[in-house]
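Below: the structure, in structure tokens.
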There are 2 protein chains.
Amino acid sequence: MSRDELDGDHKYDRSGIEFFEDQSVHEYWRSANADYHRSGYDRGHLAAAGNHRRDHKLVAQTFVLSNISPQVGKGFNRDAWNRLEKYCRWRARRSDGLWVCTGPLYLPARDRSDGKLYVKYEVIGRNHVSVPTHFFKVLVWQTDGRHWDMEAYVMPNAPIDDDKAIESFRVPIDTVERAAGLLFFQRLPRHQFRSINGKSV
Amino acid sequence: MSRDELDGDHKYDRSGIEFFEDQSVHEYWRSANADYHRSGYDRGHLAAAGNHRRDHKLVAQTFVLSNISPQVGKGFNRDAWNRLEKYCRWRARRSDGLWVCTGPLYLPARDRSDGKLYVKYEVIGRNHVSVPTHFFKVLVWQTDGRHWDMEAYVMPNAPIDDDKAIESFRVPIDTVERAAGLLFFQRLPRHQFRSINGKSV
């Protein structure tokens with residue numbers, strides 16, 4: 001996203017927009033609004049609605065349920081995660097252009113009773129929509145037409161204290177890559193970055 | 001697999017063959033023998049070694065760790081799962097050709113304490129190799145040059161009683177498809193099958 005995209009002449013909001021099923025996903029793996037009903041989870045955006053306010057159609061498209069994941073509402077989706085989304089826009093406004101990759105993670109945790117590592121996550125609704133244990137954002141931006149910077153964040157899908165700084169959720173890029181099964185921005189050699197997670201490369 | 005492939009002139013066994021890492025998998029997601037060490041799990045085959053005994057090289061190739069998944073040894077890998085593999089070969093010998101798709105599943109179970117559905121599975125070793133909760137096999141075979149039959153099996157990755165019949169693990173094809181995220185043999189319209197899971201179509 002860019003400064004111009006974020007601060008154009010028009011700023012549409014999300015009022016009146018409804019979440020809708022992604023008909024391009026096979027029905028076996030398509031989530032529905034009913035899956036979230038009484039689950040206790042918000043329908044949380046991956047690509048953020050607030051990044052697309054210049055065009056009502058674009059805002060509406062972010063409400064496709066394949067862009068949505070069950071998120072803890074209070075303390076996460078409406079709070080810490082929202083602050084991270086706002087931080088991305090703040091960064092974008094101070095850059096020549098920013099790219100952000102967002103997704104769910106299913107991270108293992110040690111079980112105290114047997115000392116072993118387990119991945120454990122809830123599934124909700126008739127379609128068994130997975131509730132991620134964590135979410136990530138990997139940001140890359142350019143400034144002054146030549147500097148590249150990169151940051152990676154992982155947040156637990158859980159209430160997070162309001163006074164916890166966003167920086168405390170920074171993790172090495174490869175931590176996200178290993179867990180997500182994805183390589184990010186690999187055509188941009190890491191040694192060409194000015195900084196990664198705030199540290200000079 | 002076919003009768004000829006199974007019962008050729010040569011029958012090589014697995015003695016002296018060692019499991020090896022799949023160098024074509026990125027190191028972030030590549031499993032190693034060390035991951036299984038002292039985990040309590042067998043290195044269980046997906047494509048079965050016993051299906052490829054006509055050629056020593058083919059048997060050896062099934063030992064690539066990307067074809068291997070952590071399996072409970074006693075009561076599963078060495079018992080019920082082995083019986084299912086033998087059943088596949090039995091079917092193949094009585095057919096014009098048999099195709100089998102095998103893979104891991106991570107199925108949800110209800111937690112008694114809160115009544116919610118969770119997927120929970122162990123991860124082992126430095127590479128966090130996932131221990132599937134279940135495994136599936138989907139079989140399709142042809143007989144008399146015209147009849148098509150199909151069966152699907154799901155077995156828990158757990159000790160299974162010796163006297164439990166293989167048929168009791170049959171499940172509807174779409175149960176596997178929904179859980180695996182795969183559609184099986186979809187170019188063969190289901191109405192063209194003679195039977196699915198032993199029942200006339």
Side-chain angles (χ1 to χ4, degrees), chain A residues 25-32 35-41 66 69-70 72 104-134 136 138 152 157 171-184 186 190, chain B residues 25-32 35-41 66 69-70 72 104-134 136 138 152 157 171-184 186 190:
Chain A
V25 174
H26 190 287
E27 60 172 325
Y28 286 174
W29 311 301
R30 192 189 303 155
S31 60
D35 295 319
Y36 289 83
H37 185 60
R38 297 188 66 180
S39 70
Y41 293 100
S66 51
S69 207
V72 168
L105 293 176
Y106 302 86
L107 299 186
R110 203 164 295 278
D111 188 315
R112 284 177 203 163
S113 66
D114 64 7
K116 295 179 180 174
L117 280 174
Y118 293 90
V119 172
K120 184 183 181 185
Y121 57 90
E122 192 181 346
V123 298
I124 59 171
R126 207 171 64 89
N127 293 307
H128 290 179
V129 179
S130 299
V131 181
T133 63
H134 295 72
F136 71 82
V138 178
N157 188 12
V171 297
I173 313 296
D174 78 281
T175 299
V176 185
E177 292 180 322
R178 290 170 193 273
L182 297 167
L183 298 172
F184 297 103
Q186 57 171 318
R190 296 289 155 89
Chain B
V25 174
H26 190 288
E27 60 172 325
Y28 287 174
W29 310 301
R30 191 189 304 155
S31 60
D35 295 319
Y36 288 83
H37 185 59
R38 296 188 66 180
S39 70
Y41 294 100
S66 51
S69 207
V72 168
L105 293 175
Y106 302 86
L107 299 185
R110 203 164 294 279
D111 188 314
R112 283 176 203 164
S113 66
D114 64 6
K116 295 179 180 175
L117 280 174
Y118 293 91
V119 172
K120 184 183 181 185
Y121 57 90
E122 192 180 346
V123 298
I124 59 171
R126 207 171 64 89
N127 293 307
H128 290 181
V129 179
S130 299
V131 181
T133 63
H134 295 72
F136 70 82
V138 178
N157 188 12
V171 298
I173 313 296
D174 77 281
T175 299
V176 184
E177 292 180 323
R178 290 171 193 273
L182 297 167
L183 298 172
F184 297 103
Q186 57 171 318
R190 296 289 155 90

Atom of Trp29(B), atom of Leu182(A) and distance for their closest heavy-atom approach: CZ2-N, 3.5 Å

Identify which part of Asp111(B) has an atom lying under 4.5 Å from any heavy atom of chain A, answering side chain, backbone, both or neither. side chain

Quick one: pull up NE2 in His128(A) and CZ in Arg178(B) and give me the separation to the nearest 0.5 Å. 10.0 Å

Tell me the closest heavy-atom pair linking Asp174(B) and Tyr28(A), and the distance in Å. CB-OH, 3.3 Å

